[in-house]
Amino acid sequence: MGVLNVTPDSFSDGGRFVEPIAACAHARRMIDEGAAIIDIGGESTRPGAQPVPVEEELRRVLPVIEALRGAGAVLSVDTSKPAVMQAAARAGAGLINDVRALRAPGALQSALESGCAVCLMHMQGEPRSMQNAPHYGDVVTEVKAFLAARARACEEAGFARERLCVDPGFGFGKNQAHNLQLLRRLDELAASAWPLAVGLSRKSLLLRILGRREGERLAGSVALAVLAALKDARIIRAHDVGATVDALRVVAALATEAQPTEAENLGA
Ligand code: YH5
């Protein structure tokens, strides 16, 4: 899943992709590099980010979704707003990526009626304040229980299981110890009934490990993607698609390529 920010305040790309034409060119490049999903976000959810009015969010994401229809990837809309979900689906989105896991009033029903698949993410608190004092008993148990409860609520409302995936939300109301514990025990989250998505690319977790600025976290991000894939994550959200896809193809080769024959195993 390649990240496409269409927010003027987004740190990572410095607002370079506010212009729809530039955003689409960047998306097409990520698709060429092997992205199966393009995640289009018009509201920054970074720590401290301010909410964006619905009209502004629509103005940012709809032209990009319309332009990328048929470009060869599933289009994901990164939103929590019911009106944006509906409009994005009509414009050609196939996935709703909601950091609030459809908890906003009307969001679950809108997502259901959209026909889209949904990524349900865990977040403790709200972006504006979530990094102030995150607190858990056992972070893995709590995140897993939250995601299962949201996924069950979706299924009870009428979602087929195949339309759902879950995401622990690295950095969303989690300190370094919480993030590392989730990473260590990611296999426990992957063992639930829904496919696991993760977003680790360029995150502050790497600042604390490597002391590197955001633009200098490529190797760290690729390492985290490989780690997550080995622990059975099925969707990896990434800014640097070419490098990440190459690394994931190496992981995939373990499962698919050149298994020894029985004779070779016997030393023949
Ligand atoms: C995610 O994990 N994350 S937006 C801070 C950074 C770098 C990157 C300080 N949307 C996720 O990418 N959706 C975001 O450096 C997401 N899972 C899902 N499903 C935050 C982000 C970032 C924040």
Side-chain angles (χ1 to χ4, degrees), residues 1-3 30 33-37 39 45 74 76 78 95 97-99 101 117-124 134 136-152 154 161-210 212 217-259:
M1 175 191 272
V3 178
M30 292 194 285
E33 291 174 341
I37 306 170
D39 188 38
T45 47
V74 171
S76 163
D78 191 337
L95 176 69
N97 175 30
D98 184 5
V99 300
V118 174
C119 182
L120 300 163
M121 202 195 77
H122 176 274
M123 169 166 63
Q124 186 177 86
Y136 299 87
D138 179 73
V139 65
V140 179
T141 307
E142 286 182 34
V143 168
K144 190 171 178 178
F146 170 87
L147 293 172
R150 293 308 298 153
R152 286 203 193 91
C154 287
R161 180 157 296 181
E162 296 70 33
R163 282 174 68 187
L164 302 172
C165 68
V166 297
D167 183 327
F170 284 98
F172 285 84
K174 284 127 191 141
N175 65 25
Q176 189 74 346
H178 299 140
N179 286 324
L180 289 174
Q181 186 70 336
L182 284 166
L183 206 47
R184 272 182 212 108
R185 293 168 57 193
L186 203 62
D187 43 338
E188 293 177 41
L189 292 167
S192 71
W194 304 273
L196 186 69
V198 297
L200 289 153
S201 180
R202 298 187 185 175
K203 284 194 177 168
S204 303
L205 167 73
L206 290 168
L207 169 67
R208 306 214 174 79
I209 299 171
L210 303 172
R212 295 202 190 281
R217 297 178 191 163
L218 174 59
S221 296
V222 171
L224 290 172
V226 167
L227 225 143
L230 288 173
K231 290 177 181 281
D232 292 329
R234 295 297 151 87
I235 297 176
I236 312 281
R237 189 175 177 279
H239 298 84
D240 303 285
V241 171
T244 306
V245 167
D246 267 8
L248 295 176
R249 287 169 65 192
V250 173
V251 175
L254 300 185
T256 58
E257 284 178 27
Q259 311 273 351

Checklist entry - Any side-chain heavy atom of Val99 within less than 4.5 Å of one from Asp78? => result yes
Item to check | Side-chain touch Leu205/Leu200, heavy atoms, less than 4.5 angstrom | outcome: yes
Item to check | Closest non-hydrogen atom pair between Gln259 and Thr256, with its separation | outcome: NE2-N, 4.3 Å
Checklist outcome for this item: The reported gap from CZ in Arg208 to NZ in Lys203 (rounded to nearest 0.5 angstrom) is 12.0 Å
Checklist entry - Which word best sums up how the rings of Tyr136 and His178 line up, parallel for under 30°, tilted for 30 to 60°, or perpendicular for over 60°? => result perpendicular
Checklist entry - Taking the side chain from Ser76 and the backbone from Ile37, do they hold a donor-acceptor pair closer than 3.5 Å? => result no
Item to check | Spacing of CG belonging to Leu206 relative to CZ belonging to Arg212, to within rounding of 0.5 Å | outcome: 10.0 Å
Item to check | Atom pair CG/CZ of Leu164 and Arg152 - distance to nearest 0.5 Å | outcome: 12.0 Å
Checklist entry - Can you check whether Leu120 reaches Cys154 side chain to side chain, under 4.5 Å on heavy atoms? => result yes
Checklist outcome for this item: Of all heavy-atom pairs linking Ala35 and Gly2, the shortest is CB-N, 4.1 Å
Item to check | Note, Asp240 side chain near Val222 side chain (heavy atom, < 4.5 Å) | outcome: no
Item to check | Distance in Å, Ile235 CD1 paired with Cys165 SG, rounded so as to fall on 0.5 Å steps | outcome: 4.0 Å
Item to check | Backbone N/O of Phe172 and side chain of Lys174: donor-acceptor pair under 3.5 Å | outcome: yes
Item to check | Candidate pair Val166 and Leu189, rule side chain to side chain contact (heavy atoms under 4.5 Å, CB included), full reasoning | outcome: CA-CA 9 Å; Val166 297; Leu189 292 167; over 6 Å; no
Checklist outcome for this item: dist Asn175:CG -> Ser204:OG (nearest 0.5 Å) comes out at 12.5 Å
Checklist entry - Can we say Asp98 and Arg150 salt-bridge, meaning some charged N sits less than 4.0 Å from an Asp/Glu carboxylate O? => result no
Next on the checklist: Counting C-beta onward and ignoring hydrogens, is there a side-chain heavy-atom pair between Thr141 and Glu188 closer than 4.5 Å?
Outcome noted: no
Checklist entry - If every non-hydrogen atom of Leu147 is compared with every non-hydrogen atom of Met121, which pair is closest and at what distance? => result CD2-C, 4.0 Å
Checklist entry - Side chain of Glu142, backbone of Gly137: donor and acceptor closer than 3.5 Å? => result yes
Checklist outcome for this item: Scanning both residues in full, the closest heavy-atom pair of Arg217 with Arg202 reads NH1-O, 2.6 Å
Checklist entry - What closest approach, in Å, do Val226 and Ala247 show between heavy atoms, and which atom pair accounts for it? => result CG2-CB, 3.7 Å
Checklist entry - Nearest 0.5 Å, what's the CZ-CH2 distance between Arg234 and Trp194? => result 15.0 Å
Checklist entry - Which atom names give the shortest non-hydrogen contact between Ile236 and Ala229, and what distance separates them? => result CD1-N, 4.3 Å
Next on the checklist: Is the shortest side-chain heavy-atom distance between Asp138 and Arg185 below 4.5 Å?
Outcome noted: yes
Item to check | Side-chain donor or acceptor of Asn179 paired with backbone N/O of Phe170 under 3.5 Å | outcome: no
Next on the checklist: Side chains of Asp167 and Arg237, heavy atoms from C-beta outward: is any pair under 4.5 Å?
Outcome noted: no
Checklist entry - So, do Pro168 and Val139 sit near enough that their side-chain heavy atoms are less than 4.5 Å apart? => result no
Checklist entry - Going through the distances and angles, do Met1 and Asp39 end up as a side chain to side chain contact (heavy atoms under 4.5 Å, CB included)? => result CA-CA 6 Å; Met1 175 191 272; Asp39 188 38; 3.7 Å; yes
